[in-house]
2 protein chains.
Amino acid sequence: MLQAGADIDTSETLTERQQAVLDAALRLLVEEGDNLTMTAVARRASCSKETLYKWFGDRDGLLTATVQWQASKVRVTPVDRKGLDLASLTASLERFASDWLKVISSDTSIALNRVAVGHAGSGKDDLGAIVLQNGRFALARRLKPVLEAGRQAGLLDFEDAEMAFRTFFGLVGRDVQIRLLLGDRVELTEAAIGGDARRATQQFLALFGANNRLQSL
Amino acid sequence: MLQAGADIDTSETLTERQQAVLDAALRLLVEEGDNLTMTAVARRASCSKETLYKWFGDRDGLLTATVQWQASKVRVTPVDRKGLDLASLTASLERFASDWLKVISSDTSIALNRVAVGHAGSGKDDLGAIVLQNGRFALARRLKPVLEAGRQAGLLDFEDAEMAFRTFFGLVGRDVQIRLLLGDRVELTEAAIGGDARRATQQFLALFGANNRLQSL
DNA sequence: GCCGAACCGTAACGTACGGTACGCATCAGG
DNA sequence: CCTGATGCGTACCGTACGTTACGGTTCGGC
């Protein structure tokens, strides 16, 4: 497990102007990838390099601030756990699946994951940890209550929620993320995402729905 | 789809010495990541920088040559398609799964994927395409005949082999690769890999085995 | 033994970029 | 109006690294 606390709410301590600067940096990151320069960020944000350094310390500080800033934008939408039946559970799962696919196929997510992966080797910063916390682990934190509720309602049957989540994760994502990160053009229209979400959900229910004898896998 | 022909057999045109140089570059790539320098490669390989440039053109050329060299090392092991029963099919699938998990969790695979992902944004070279061809797509090419044989033997039931393969891919890999690439320490002992391979195979058979009414998903 | 090619080691060049310093404009508070 | 703080624009410095150049060495062919 990675270090905790990597998903602090940064929107408190950032002024309006600083957020604008980070937005500019984010756009530049999407366009240029990791080879964006401090001068380019300063020019794009119409601020001076000195300000960048005063606010964010150094280049890595700016990068982490940018990643955290983007992470703080997507907030958790809690799920109601009352009156759960198969239809609403299915809808919840499909919604999670399609949201997730939309996220990982977005330009900013691809760019952010690219730089985080690139930086993961040399332990200079924690970009990988931050992205992981606000991506894969945040999804798990949001989805697990739904799974637990499904189990308590007698709709799902599994031993370990973590294991069930990881299976769902695999059924939804499959090879999409790695292909996108490696530059493959995956056709992900709105319709395709919807279809994938339905398929993954049905497969998940086939594996972990109650009345199936497969939960021991 | 990416451009074809990215997996040419390079072992023909490379001299013994050049292969040694690329091996050195590969080791350095695993240690240093993308921030390895030409001087470091020259020193590690006990050759001159001039030779590096004569042989590989420039830094990107050296990198692509290194990636292709590593790719050319893992050759395809064909599968016998005669006398297929459920036991042998299961064994084949488990073997693929465990081999794949072993590959993506290896140091060199992680390092190669990291630099390929990092370079994928700026279209300077085709590292992403090469890695994809010799990773995800090579696996598909090797596995699909097995799936087809399983279908012809009446053991599997699916419409689209590509779709079935992608599901298997997702069930095996789940979140492992992205976590590893992002620097998460995933415990992948020999035993864990074996267990994951068995679980994924059973799940796949539950979804796509004959006598199940789930193939329309 | 001699020649040229290939190659090693290293020094040198050019440049891109991270980081810093400084001058000037704006503006809030007194 | 004065003053200090904040921040923009820009020039500047240091350095790391890709790339090139060059002298010295090994070695196969004649």
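Quick note on labels: first sequence line is chain A, next is B, and so on, each numbered from 1.
Among residues two or more places apart in sequence or in another chain, the side-chain hydrogen bond (donor to acceptor under 3.5 Å, both in side chains) test is passed with B/T51 by B/S48. Among residues two or more places apart in sequence or in another chain, the salt bridge (charged side-chain N to carboxylate O under 4.0 Å, His left out) test is passed with B/D107 by none. Under the ring-ring contact (aromatic ring centres under 6.0 Å, His included) criterion, A/F204 pairs with A/F168, A/F208, sequence neighbours left out. In this structure, A/E32 has no side-chain hydrogen bond (donor to acceptor under 3.5 Å, both in side chains) partners at least two apart in sequence or on a different chain. Scanning for side-chain contact (heavy atoms from CB on, under 4.5 Å) contacts around B/R166 gives A/R174, A/D175, A/V176, A/R179, B/R136, B/E162, with sequence neighbours left out. Every residue meeting the side-chain hydrogen bond (donor to acceptor under 3.5 Å, both in side chains) condition with A/N113, not counting sequence neighbours, appears here in chain and number order: A/S109. Residues forming a side-chain hydrogen bond (donor to acceptor under 3.5 Å, both in side chains) with A/K54 (at least two apart in sequence, or on another chain): none. Not counting sequence neighbours, A/R27 has no partner by the salt bridge (charged side-chain N to carboxylate O under 4.0 Å, His left out) test.
Residues B/Q202 and B/R198 bring no donor and acceptor atom of their side chains to less than 3.5 Å of each other. Side chains of B/D126 and B/H119: no donor on one and acceptor on the other come within 3.5 Å.
With a heavy-atom cut-off of 4.0 Å to chain B, the contacted part of DNA chain D has its first and last nucleotide at D/dC17 to D/dC22.
For the side-chain hydrogen bond (donor to acceptor under 3.5 Å, both in side chains) test with B/D23, the passing option among B/Q70, B/R44, B/K73 is B/K73; the others fail.
In this structure, the side chain of A/R114 does not engage the main chain of A/D34 through any donor-acceptor pair within 3.5 Å.
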Readout for nucleotides 10-22 of chain C: B = base within 4.0 Å of protein heavy atom, S = sugar-phosphate only, - = neither; 5' to 3' it is -B-----SBBBBB

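Contacts between residues 20-31 of chain B and DNA chain D, defined by a heavy-atom separation under 4.0 Å, are absent.
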Extract from the structure each pairing of a protein N or O with an N or O of nucleotides 24-26 of chain C at less than 3.5 Å, listing the distance.
none

